[in-house]
Amino acid sequence: MIGQIFQITLLSLRNLPSRLGSSSVIVVGIGGVVGVLVAILAMAKGFEASMSRAGQPDRAIVMRGGSMSELSSGMGPSEMAVVGSWSEVTAASGELYLVADVPKRSNQSLANLAIRGVEQAAFKIRPEISIVEGRPFATGRTEMIAGRGAVAEFEGVETGSTIELRNSTWTIVGMFEADGSVYESEVWADLATAQSVFRREGGVSSMRVRLASPDVASVLSQRMEDDPRLDLTLTGEDEYFRNQSQQLTTLIQTFGYGVAAIMAVGAIFAALNTMYSAVSTRTVEIATLRALGFGGIPVVASVVLEALLLAILGGVIGAAVAYFGFNGWTVSTLGGSFSQVAFDFAVTPELLVFGIVWAVGLGLIGGLFPAVRAARLPITTALRGE
Amino acid sequence: MPIVSLKEVAKSYRKGRETIDVLEGIDLDIEEGDFLALMGPSGSGKTTLLNLIGGLDSPTMGSVVVGGQTLGELSGKALARWRSRNIGFVFQFYNLLPVLNAQRNVELPLLLTNLSGAQRRKNAETALTIVGLGDRASHKPGELSGGQQQRVAIARAIVADPALLVCDEPTGDLDRETAEEILDLLSILNREHGKTVVMVTHDPKAADHASHILHLDKGQLVRQAA
C-alpha cells in the first residue's frame, strides 16, 4: 500500500511541471495566508514579549488603590516612607510617570512619549538597564537618557539633542537598553528634577520595589490592606505588565485570526479548484492506474499528498517572507499607560511551526475532496475521460 | 474448463428516472487460448461486456467467472489486486503515462508485485523486446508513433504474464498498415504465448484475425463462427 502511494505520488509530482500555473495558485494562496497570519501574530508576540520582559518575579509596583496604570496613580512621601521601611523591601524607587507629545519619526504626527523620573535605586532594582551610548543623567540637572525604542520611534531624543517637554528644555545625554523590554520606549530623568520641572513636588506616580523574595508579595499586599494609613496596592511586576498587554495582545490576535480565516477560505477554494483541475486533467491517467490494479486509497493519498506538498511549500514561503520581512521590525503602538510602546515583531520558531500547521490544514482540506472524487469515479466512466 | 464464463449476465444503468438496459441474458464461455472478436454497432454493449470480463465493472444480474474466480465475490480492493495479476488491458488510445518512458510505462503493473527493481526492469525489457520495441525503452510516449505507443501498451499488458488480454478497439486509432502490425502482434501473443485475447472492434478486417467472432446487437449476443 505504501509503495503504491509512493509510486502514484511520484507520478503526480512528475506531472507537476505540466500544471505549473494552476499548482502555483495553491502555493501563492496558502503562502499568503501563512505570511499574513505569522506576521500579525508576530506583532502580538513581539508586543507581549516587550511587556513581559519588563516584569521580574522579585519586583513589584506599588500604586494608589484602584489605579489601573501608573499614569492614573499617585502617592505621597509619607506612604513612600512606610513602604520603603519594610524589611521585605530590599530596594525602592519612587517614580514619576507622565507623557508628553513628541513627533514620531515615521510621519511627524504627535504621539505620547513616556517620561519616567527615577531615583538612583531604579537602576539597582532594574539591573538589565545599561547605558549603551553617552552617559547617565546627572542628578539635579535637566538631563535625560532615552531608551533605544524611544530613539527609534521619536524625533529629537537621540543622544546630544535637546528636547522641549512641557515648557522645559531637556538634554539627552545617553541611550539605554533594557533587554528589549517596554522600558526602552521611555525617557528617564532624575526624579527630583522631574518633580521640580513638571511641578509635582513631593509626589510620585508609583514605587518600584525589589522584594526579598517573590513570596513576600502577598504578605506585603495584605499588610497594605490592613494598614489604615495606606491606600495602596502592590502588584507583582510581571502580573502588572501581563495585564497591561493582555487587551492589546488579544485584539491583535483576534484581528490576525480573523484576517487569516477570511484569507484561508479563499485559499481553500483556490486549492480545491486547483486539485479538482489536476484530478480532472489526469482522469484517464488515474483510471488507467486503477484499471491496472492500483487501489483507490493510494489514489486518494497521492492527490492529498500532492496538495499537502504544495501547501507546505506555500507555508514555508509564507513563513519565510514573514520571518525575513518582519522579524525584528520595530514598530510602536499605544500601550496600557497611554504612551507609545516600541517593540519588535517576534517571528518565533513556534509561530513558524504554527504557520506550517495552518498550511497543512488548508492543503488537507483542499486536497481531500478532489482526491475522494478521483477515487470514487467509476473506472469505466473515467477511462472515457468523463 | 473455459477461462471466461458468463451466466445470465445483465447490465443496466440508471439515467435519472430512466433505466437503460445495456446487456441482457448474456451466456458466454471463452475457452483458454481463444482469440475472440466482439463486434456490433455502437451502443450494442461491446465495451460494457469487455469491462465486465476485465473486472472493471460489475453486472446488475448474473455471474462473471474468470480463471475460476467469481468476480462478484471480490471486494473492490481484492478485485484490483486480481486484475493486476490476471488481466492485461489494451486501450484504443493506448493510455500510456506521458511523463514516463516506455520502460517505466511497461513496468507499472510490476510495481504491484514484490519483484525487485532489477527484476522489474528485466521483465519490462523482455516485454518490450517481444513487441519489437527493445530499442525504444528510453523514449517517452510523445516521442513514439501511434503504432509504437500501442506496442508499448501491449508490452505493459503482457509484462505481468496474465492469461487474458482484453483489448478495446486496439486498432481504432491507427492506420491500416499499422493496425495490421498490431493485430499480427496480438495473433502472435495468442498463438505462440498462449494468451487468450478478447478484442472489441468495429473493423471486420481486424476481426478476421480472431478465431471466433461474436456479434452483439441491442445488448444480446448473436453467435457467428470466424
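Reminder, nothing fancy here: chain letters follow the sequence lines and each chain counts from 1. Since the model is a prediction, treat every value here as computed from it, not as a measurement.
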Sorted by chain and residue number, the side chain to side chain contact (heavy atoms under 4.5 Å, CB included) partners of A:I268 (sequence neighbours excluded) come out as A:L272, A:L362, A:I365
So what's closer than 4.5 Å to chain A heavy atoms on B:F93: side chain, backbone, both or neither? neither
Kindly give the heavy-atom pair with the smallest separation between A:V34 and A:A319, and that separation in Å. CG1-N, 3.8 Å
Got a list of the donor-acceptor pairs under 3.5 angstrom between chain B and chain A?
unit_1: B:R83; atom_1: NE; unit_2: A:A291; atom_2: O; d: 3.0
unit_1: B:R83; atom_1: NH2; unit_2: A:R290; atom_2: O; d: 2.6
unit_1: B:N95; atom_1: ND2; unit_2: A:T288; atom_2: OG1; d: 3.1

Qualifying residues under side chain to side chain donor-acceptor pair (under 3.5 Å), relative to B:S145, sequence neighbours excluded: B:Q148
If you apply the rule side chain to side chain contact (heavy atoms under 4.5 Å, CB included), what do you find for B:L111 with A:F294, and how did you get there? CA-CA 9 Å; B:L111 296 175; A:F294 287 87; 4.1 Å; yes
Bottom line for B:L56: the part with an atom under 4.5 Å from chain A's heavy atoms is both
Toward chain B, the part of A:I379 with a non-hydrogen atom under 4.5 Å: side chain
Can you measure from CG (B:L71) to CG (B:L52) and round to the nearest 0.5 angstrom? 9.0 Å
Tell me, do B:V9 and B:D27 make a side-chain contact under 4.5 Å, heavy atoms counted? no
Between B:P170 and B:L186, the two heavy atoms sitting closest are CG-CD1, 4.1 Å
What part of A:I297 lies closer than 4.5 angstrom to a heavy atom of chain B: side chain, backbone, both or neither? neither
Checking B:L96 against chain A: side chain, backbone, both or neither under 4.5 Å from a heavy atom? neither
Can you name the residues that form a side chain to side chain contact (heavy atoms under 4.5 Å, CB included) with B:H193, not counting sequence neighbours? B:I130, B:I188, B:L189, B:K195
